[in-house]
**Student:** 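Provided herewith is a single structure, encoded as structure tokens, for subsequent inquiry.
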Amino acid sequence: MATITNVKKGDYLTIKQSDGDKYRVKVSGITEMYAGHDVYMNSTYYHKVFSKNVTYNANMLRLSNRSNKSINRVSRTLNKQSAALTAVQSNDAKTTINNILSGLNHLVLIIIIVASVLAFVVLFTLTNINVSERMRELSTIKVLGFYPMEVVMYVYRETFILTVAGILLGFIGGDYLHYYIMQTLPPETAMADMTLFWTNFTVSGLMTLGFSVVVMGLMAYKINRVDMLEALK
């Protein structure tokens with residue numbers, strides 16, 4: 001709610017009751033709520049804002065056994081009481097939000113696959129062009145007595161440096177992109193955890209390096225098959 005209304009500690013927030021009356025309340029603190037919106041105030045401040053004494057119309061229960069079976073059993077018991085209008089389960093909101101966010105897993109998987117294929121294609125294409133345009137140069141250093149791996153690294157060293165630089169820049173861009181997506185996709189009644197773990201960066205970096213090594217293997221095969229006499233004509 002604080003993010004949506006752009007209020008900070010010390011600001012005033014306007015709230016509207018079901019009868020349409022509006023009241024301004026001062027924000028003394030902000031707490032993290034990942035599902036739903038709530039406003040907390042003590043009885044003294046409630047009387048100051050609404051000019052009437054607070055009337056409690058609900059009880060909040062925290063069960064020691066929070067399994068679905070236990071929660072449903074307690075809810076049924078409460079709903080049978082004549083004084084009870086309804087029993088609201090906090091797990092309902094949690095389940096709804098989890099269902100929404102779990103749908104993002106398929107989207108993330110598609111993005112990972114497409115990004116991986118794109119990374120591989122770009123690395124392969126650029127390296128292949130680099131090798132094809134320097135065929136005479138490679139043939140020359142092979143004639144001069146360079147070992148096969150030295151010839152491969154002669155070309156691949158540039159690709160490796162650019163790959164590492166791309167990974168480091170990707171970490172920065174990925175952090176901003178993750179923050180933007182997780183701010184935009186969840187509904188207004190939910191807030192996603194913005195935390196990124198070291199495994200997120202490690203796995204993505206190792207995948208890119210893995211693609212780079214595969215490309216090096218393919219290019220090494222091509223470089224080792226270079227016809228030196230044909231290329232030097």
Side-chain angles (χ1 to χ4, degrees), residues 1-112 174-200 203:
M1 183 187 297
T3 303
I4 295 173
T5 57
N6 195 28
V7 298
K8 300 180 294 295
K9 183 178 179 180
D11 294 343
Y12 283 87
L13 176 68
T14 301
I15 59 177
K16 184 172 65 173
Q17 287 188 314
S18 56
D19 57 8
D21 295 334
K22 296 181 178 180
Y23 301 90
R24 295 179 77 239
V25 295
K26 187 175 182 179
V27 178
S28 61
I30 299 173
T31 183
E32 287 187 347
M33 293 290 294
Y34 289 90
H37 305 295
D38 293 283
V39 176
Y40 307 95
M41 64 183 71
N42 57 33
S43 57
T44 303
Y45 191 67
Y46 181 90
H47 181 271
K48 178 181 178 181
V49 174
F50 297 99
S51 301
K52 61 181 180 180
N53 294 325
V54 62
T55 301
Y56 296 101
N57 58 4
N59 288 317
M60 180 176 288
L61 305 180
R62 183 176 181 179
L63 305 182
S64 57
N65 182 4
R66 291 185 55 81
S67 64
N68 290 331
K69 183 178 180 180
S70 175
I71 293 175
N72 292 332
R73 178 176 54 80
V74 173
S75 296
R76 289 193 299 268
T77 302
L78 292 175
N79 284 325
K80 292 179 181 178
Q81 306 297 322
S82 58
L85 293 178
T86 185
V88 179
Q89 300 180 15
S90 60
N91 272 19
D92 290 343
K94 180 181 177 180
T95 302
T96 301
I97 299 303
N98 284 337
N99 290 337
I100 294 174
L101 294 181
S102 63
L104 295 178
N105 290 337
H106 303 290
L107 176 61
V108 171
L109 180 61
I110 293 174
I111 293 176
I112 291 174
D175 184 38
Y176 283 102
L177 181 62
H178 172 265
Y179 180 83
Y180 173 77
I181 291 176
M182 299 312 295
Q183 280 280 83
T184 305
L185 291 183
E188 290 187 346
T189 56
M191 183 175 67
D193 187 1
M194 300 297 177
T195 304
L196 280 172
F197 300 99
W198 66 269
T199 51
N200 301 123
V203 172

**Student:** About how many Å separate CZ of R24 and CD1 of I15, when rounded to the nearest 0.5 Å?
**Tutor:**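 Output value for this atom pair is 11.5 Å.
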**Student:** Just verifying a value: how many Å separate T44 OG1 and K48 NZ, rounded to the nearest 0.5 Å?
**Tutor:** 10.5 Å
**Student:** Around atom CD of E32, are there more than 12 heavy atoms of other residues, nucleotides or ligands at under 6.0 Å?
**Tutor:**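 Open: at most 12 neighbouring heavy atoms sit under 6.0 Å from CD of E32.
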**Student:** Any side-chain heavy atom of S43 sitting closer than 4.5 Å to one from Y56?
**Tutor:** yes
**Student:** Could you report the tightest heavy-atom contact between N65 and S70, atom names first, then the distance?
**Tutor:** O-OG, 3.0 Å
**Student:** How far apart are the closest heavy atoms of V25 and M41, and which atoms are they?
**Tutor:** CG1-CE, 4.0 Å
**Student:** Give, for atom CE of M1 and atom CG of N6, the distance between the pair rounded to the nearest 0.5 Å.
**Tutor:** 14.0 Å
**Student:** Going through the checks in order, is the side chain to side chain contact (heavy atoms under 4.5 Å, CB included) test met by I4 and H37?
**Tutor:** CA-CA 11 Å; I4 295 173; H37 305 295; 4.1 Å; yes
**Student:** Would you give the length of the straight line joining atom CG of N72 to atom OG1 of T77, rounded to the nearest 0.5 angstrom?
**Tutor:**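 OG1 of T77 is found 10.5 Å from CG of N72.
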**Student:** Rounded to the nearest 0.5 Å, how far apart are CD1 of I111 and CD1 of I181?
**Tutor:** 5.0 Å
**Student:** Return the CD1 to CG distance between I71 and L61, rounded to the nearest 0.5 Å.
**Tutor:**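 So the CD1 of I71 and the CG of L61 are separated by 11.0 Å.
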**Student:** Does any N or O in the side chain of N79 come within less than 3.5 Å of the main-chain N or O of A87, such that one atom is a donor and the other an acceptor?
**Tutor:** yes
**Student:** So does L85 have more than 12 non-hydrogen atoms from other groups sitting under 6.0 Å from CG?
**Tutor:** no
**Student:** Take atom CG of D21 as the centre, draw a 6.0 Å sphere, and report whether it contains more than 12 heavy atoms from other residues, nucleotides or ligands.
**Tutor:**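 More than 12 heavy atoms, drawn from other residues, nucleotides or ligands, come within 6.0 Å of this atom.
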**Student:** Counting N and O atoms only, with roles assigned by atom type, does the side chain of Y45 sit under 3.5 Å from a partner on the main chain of K26, one being a donor and the other an acceptor?
**Tutor:**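 The answer is yes, because a donor-acceptor pair under 3.5 Å joins these two groups.
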